[in-house]
Amino acid sequence: MAEAAIGGSAEKTSHEEVGLRFEVDGEIATITLDRPERRNAQTFATWSELARIGDSLPQQVRIVVVRGEGPSFSAGIDLRLFTPEGIPGQDSLATLATAEDPTFEQRIAHAQRGFLWLRRPDIVSIAAVNGHAIGAGFQLALACDLRVLAEDAKLCMKELALGLVPDLTGTKPLVDLVGLPRAIEICLTARAVGAREAAAIGLAELVVAPEDLAEAVRDLAAALLATDRGAATATKRLLQGAGGRTLEEQSAAERREQVARVRALFAGS
Ligand code: ACO
């Protein structure tokens, strides 16, 4: 059993509702969406647990792999949340729709926390995507720094087909990766993007045969672990900031990071 505090209220949640497995092997942590019988559908409890994992990530972890058990990466939000009965122990969207502001927004903010930490500069997150990544599933893949796709992967921003907007932090990385016109087209048609197209438009770093997915992710993790952690953290921070800075500002940021790096290197020698 896991204790989940959502929107200020503590709720008891079972593994069935959380649907996550978390394992650490040295510098690599693996988060497995683990409800294959529901195609790894996500609930508020899932997002709460994701946030908790981020808060308590062991210090030695440099790589976080997010993967799905079974035939799909994730079928998105658990559709039972749309029913009046909802999921035992969790509010349904019907209940939240009538909640006083700002309760509902706080609930979404708490869910978003589960996704946002995957961008931390001191780690590299890799989504290993097989089968469907729909709605919240697509957004979870977008929350990661890198995406390795199996050839059978299908990415779909299904929210609009349900009358919703994507709100689990996916819209900015999507626009950053594919540009505004393509992001509009993908979201507003709610169509599926296959693995080959995903790679061609910048949504995937690598596409491999489904049986090679785990090995491809292991190889990528090993390559990422081959460089110095301090330099990797500082460089990721630099790269993440580049889009919001002018060339002069970015050059100044490079100087600051380098001075800190060289000082750290000589202090350690
Ligand atoms: N929520 C709850 N249960 C789900 C979900 C979901 N999102 N997706 C699948 N399941 C359940 C099915 O109800 C089914 O349960 P059952 O065996 O008790 O009937 C089981 O998982 C298997 O689903 P199938 O549809 O039989 O699996 P298949 O591999 O043929 O299809 C697919 C997978 C394409 C993912 C399909 O299940 C699907 O379209 N799911 C709904 C996707 C969706 O609309 N998600 C919401 C997106 S919007 C958002 O995330 C905010």
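Whatever order the structure lists ligands and atoms in, that order sets their numbers, starting from 1.
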*Do Asp228 and Arg261 pass the salt bridge (charged side-chain N to carboxylate O under 4.0 Å, His left out) test, and can you show the C-alpha distance, the side-chain angles, and the key distance before you say yes or no?*
CA-CA 11 Å; Asp228 176 85; Arg261 281 311 312 143; 3.2 Å; yes
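For the pair Arg67 and Phe73, the cation-pi test (distance below 6.0 Å, angle within 45°) is failed.
A donor and an acceptor atom, one from each side chain of Thr43 and Asp78, are nowhere located under 3.5 Å apart. For the residue pair Ser48 / His110, a side-chain donor-acceptor distance below 3.5 Å is found, with atom types taken as modelled.
For Ala252, the side-chain contact (heavy atoms from CB on, under 4.5 Å) partners are Arg255, Arg256, not counting sequence neighbours.
The protein residues lying under 4.0 angstrom from ligand 1, judged by non-hydrogen atoms, are Glu37, Arg38, Arg39, Ala41, Ala75, Gly76, Ile77, Asp78, Leu79, His132, Ile134, Gly135, Ala136, Lys158, Glu159, Leu162.
Taken from NZ in Lys158 to CD1 in Ile134, the straight-line distance is 5.5 Å, to the nearest 0.5 Å.
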